[in-house]
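When a residue number appears, it is its place in the shown sequence, counting from 1. What's counted below: heavy atoms across the whole structure, side chains too, no hydrogens, waters or symmetry copies.
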Amino acid sequence: MPGSKAYQRAESKKQVELDRALRELVLGAQVPQEPGETTFYFMTRKGKLRRMELSPAQAKQLEDGELGVVERPEPAQIEHSLVPAAAAEQMYALSAKAVRFFNRKENPVGFMNDEELKAQQAAEASGTAVETPDEPEASAEGSEEAGESGEAEASAEAPASEPSSEPSGEGGTQS
């Protein structure tokens with residue numbers, strides 16, 4: 001029964017096994033970050049904006065859907081890594097929340113438009129940013145994608161040619 005110690009132990013064991021599987025997948029497939037002058041923004045599970053300083057080539061690969069930004073669960077914290085599209089798809093199948101940015105053709109993950117980005121930055125500055133909820137229960141009705149309520153699945157990014165002092169959107173790049 002939910003709430004019992006046995007149930008909590010079983011749930012904890014499932015989470016440890018999922019974290020181990022995700023960590024092994026990331027460590028086996030991760031792509032080394034090439035430091036560069038392009039800033040790439042993405043949102044963490046806790047609703048915080050993070051950035052990676054990448055080479056223009058890696059930023060382009062992220063925008064083209066050839067790479068994805070995923071969580072790498074470590075025992076003490078969660079790190080973020082770049083992985084090829086195939087590994088990002090495998091991780092998405094295991095845990096949709098573990099994939100923080102991935103430009104999938106049919107269902108992009110982690111996109112925000114300019115208004116959503118500005119609202120997120122304001123919420124973060126004021127301390128009212130909302131944490132993304134955990135994975136839905138297996139018994140819950142609906143798909144895992146429905147759990148992406150904190151993330152926009154916008155179909156377009158702001159044009160790259162538009163100069164701006166603010167990032168163009170989550171997953172956007174800025175030179």
Side-chain angles (χ1 to χ4, degrees), residues 18-19 21-105 107-125 127 129-132 134-135 148 150-175:
L18 177 63
D19 286 351
L22 292 171
R23 186 171 42 254
E24 287 176 5
L25 184 57
V26 173
L27 291 175
Q30 74 183 349
V31 175
Q33 287 184 28
E34 300 168 2
E37 67 278 356
T38 305
T39 304
F40 194 86
Y41 292 88
F42 66 96
M43 189 181 301
T44 68
R45 185 183 298 214
K46 293 202 180 235
K48 303 288 184 188
L49 288 174
R50 293 292 176 256
R51 66 177 184 230
M52 293 180 171
E53 305 294 330
L54 302 173
S55 69
Q58 278 191 327
K60 177 98 171 92
Q61 287 179 303
L62 277 166
E63 290 172 358
D64 292 345
E66 296 169 20
L67 293 177
V69 176
V70 297
E71 293 178 348
R72 186 182 71 237
E74 296 293 337
Q77 61 191 14
I78 293 178
E79 297 292 333
H80 295 90
S81 297
L82 295 176
V83 296
E89 283 290 352
Q90 286 180 305
M91 288 188 69
Y92 190 81
L94 289 173
S95 171
K97 298 294 178 206
V99 180
R100 303 317 311 154
F101 180 88
F102 183 36
N103 192 5
R104 301 166 77 208
K105 289 176 181 63
N107 185 15
V109 177
F111 281 87
M112 293 179 86
N113 63 31
D114 286 339
E115 293 80 30
E116 291 167 326
L117 176 65
K118 287 179 182 170
Q120 178 62 32
Q121 288 173 326
E124 203 168 304
V130 178
E131 184 172 338
T132 305
D134 288 336
E135 298 286 335
E148 297 286 327
E151 297 179 25
E153 293 178 0
S155 60
E157 291 185 62
S161 61
E162 184 176 304
S164 173
S165 60
E166 293 289 322
S168 63
E170 182 178 325
T173 57
Q174 188 174 13
S175 296

Undergrad: Rounded to the nearest 0.5 Å, what separates atom CZ in Arg45 from atom NZ in Lys48?
TA: 15.5 Å
Undergrad: Can you see which heavy atom on Phe102 is nearest to which on Glu89, and at what distance?
TA: CE2-OE2, 3.3 Å
Undergrad: In Å and rounded to the nearest 0.5 Å, what is the CD to CZ distance from Gln77 to Arg72?
TA: 8.5 Å
Undergrad: Between Leu22 and Ser95, which heavy-atom pair has the shortest distance, and what is it?
TA: CD1-CB, 4.2 Å
Undergrad: Can you measure from CD (Gln33) to OG (Ser55) and round to the nearest 0.5 angstrom?
TA: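 Here the interatomic distance stands at 9.5 Å.
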Undergrad: To the nearest 0.5 Å, what is the distance between CZ (Arg50) and CZ (Phe40)?
TA: 15.5 Å
Undergrad: Checking Thr39 against Glu53: is there a side-chain donor and acceptor pair closer than 3.5 Å?
TA: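 Judged by distance alone, the side chains do pair up.
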Undergrad: Would a distance-only check, ignoring hydrogens and angles, find a side-chain to backbone donor-acceptor pair under 3.5 Å from Arg23 to Pro73?
TA: yes
Undergrad: Apply side-chain contact (heavy atoms from CB on, under 4.5 Å) to Met52 and His80, showing your working.
TA: CA-CA 9 Å; Met52 293 180 171; His80 295 90; 4.1 Å; yes
Undergrad: For Thr44 and Ile78: C-alpha separation, side-chain torsions, deciding distance, then whether side-chain contact (heavy atoms from CB on, under 4.5 Å) applies.
TA: CA-CA 10 Å; Thr44 68; Ile78 293 178; over 6 Å; no
Undergrad: Of the non-hydrogen atoms in Ala87 and Leu25, which two are nearest, and what is the gap between them?
TA: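 Ala87 and Leu25 have their closest heavy atoms at O-CD2, 4.0 Å.
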Undergrad: Among Asn103, Thr38, Leu67, which one satisfies side chain to side chain contact (heavy atoms under 4.5 Å, CB included) with Leu62?
TA: Leu67
Undergrad: Hey, does the side chain of Arg100 reach the backbone of Met43 with a donor-acceptor pair shorter than 3.5 angstrom?
TA: yes
Undergrad: Assess whether side-chain contact (heavy atoms from CB on, under 4.5 Å) is satisfied between Gln58 and Val31, documenting all intermediate values.
TA: CA-CA 10 Å; Gln58 278 191 327; Val31 175; 3.6 Å; yes
Undergrad: What's the spacing between Glu79 CD and Gln30 CD if we round to 0.5 Å?
TA: 10.0 Å
Undergrad: From Glu71 CD over to Asp19 CG, what is the distance, rounded to the nearest 0.5 angstrom?
TA: 9.0 Å
